[in-house]
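Counting begins at 1 with the first residue of the sequence. No hydrogens, no waters, no symmetry mates; every other heavy atom, side chains included, goes into these values.
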Amino acid sequence: MRANRRAVKLLLEYCNCHGLALEPAKFAETFGIPSSFEDMVKEESARYYLER
């Protein structure tokens, strides 16, 4: 589970570096993240952008 969270964080950093602002559902679709991780993607996205 920690590895999945870290992977999402890395992808969020990638998006930030390349000027991509994707809402969580589009983010997951773009990177092929399964829908079963939807809540985790929302949590990590919110956490990532609150820390910025």
Side-chain angles (χ1 to χ4, degrees):
M1 187 66 155
R2 278 182 29 195
N4 292 332
R5 285 191 183 276
R6 182 65 184 139
V8 168
K9 288 177 187 179
L10 288 171
L11 290 171
L12 287 166
E13 289 176 22
Y14 173 86
C15 287
N16 187 49
C17 287
H18 289 83
L20 301 173
L22 303 172
E23 48 99 3
K26 186 66 175 171
F27 174 86
E29 179 184 336
T30 299
F31 291 104
I33 300 171
S35 60
S36 59
F37 291 103
E38 180 179 354
D39 289 338
M40 182 188 61
V41 168
K42 288 178 184 176
E43 291 168 10
E44 292 304 323
S45 292
R47 185 173 293 130
Y48 182 81
Y49 289 109
L50 283 174
E51 292 174 354
R52 299 273 158 217

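Taking the ring-ring contact (aromatic ring centres under 6.0 Å, His included) definition, one finds that F31 meets it with F27, sequence neighbours left out. Considering only residues two or more places apart in sequence or on other chains, E23 meets the side-chain contact (heavy atoms from CB on, under 4.5 Å) condition with A25, K26. Scanning for ring-ring contact (aromatic ring centres under 6.0 Å, His included) contacts around Y14 gives H18, with sequence neighbours left out.
The shortest distance between side-chain heavy atoms of L11 and I33 falls below 4.5 Å. Put simply, the side chain of Y48 reaches to within 4.5 Å of the side chain of N16, judged on heavy atoms.
Partner of S45 under the side chain to side chain contact (heavy atoms under 4.5 Å, CB included) criterion, chosen from L50, L12, L22: L12.
Taken from CG in L10 to SG in C15, the straight-line distance is 11.0 Å, to the nearest 0.5 Å. With values rounded to the nearest 0.5 angstrom, R5 atom CZ is found 10.0 Å from F37 atom CZ. Atom CD of E44 and atom NZ of K9 lie 5.0 Å apart (nearest 0.5 Å).
Between E38 and K42 there is a salt bridge, since a side-chain N of the basic residue sits under 4.0 Å from a carboxylate O of the acidic one.
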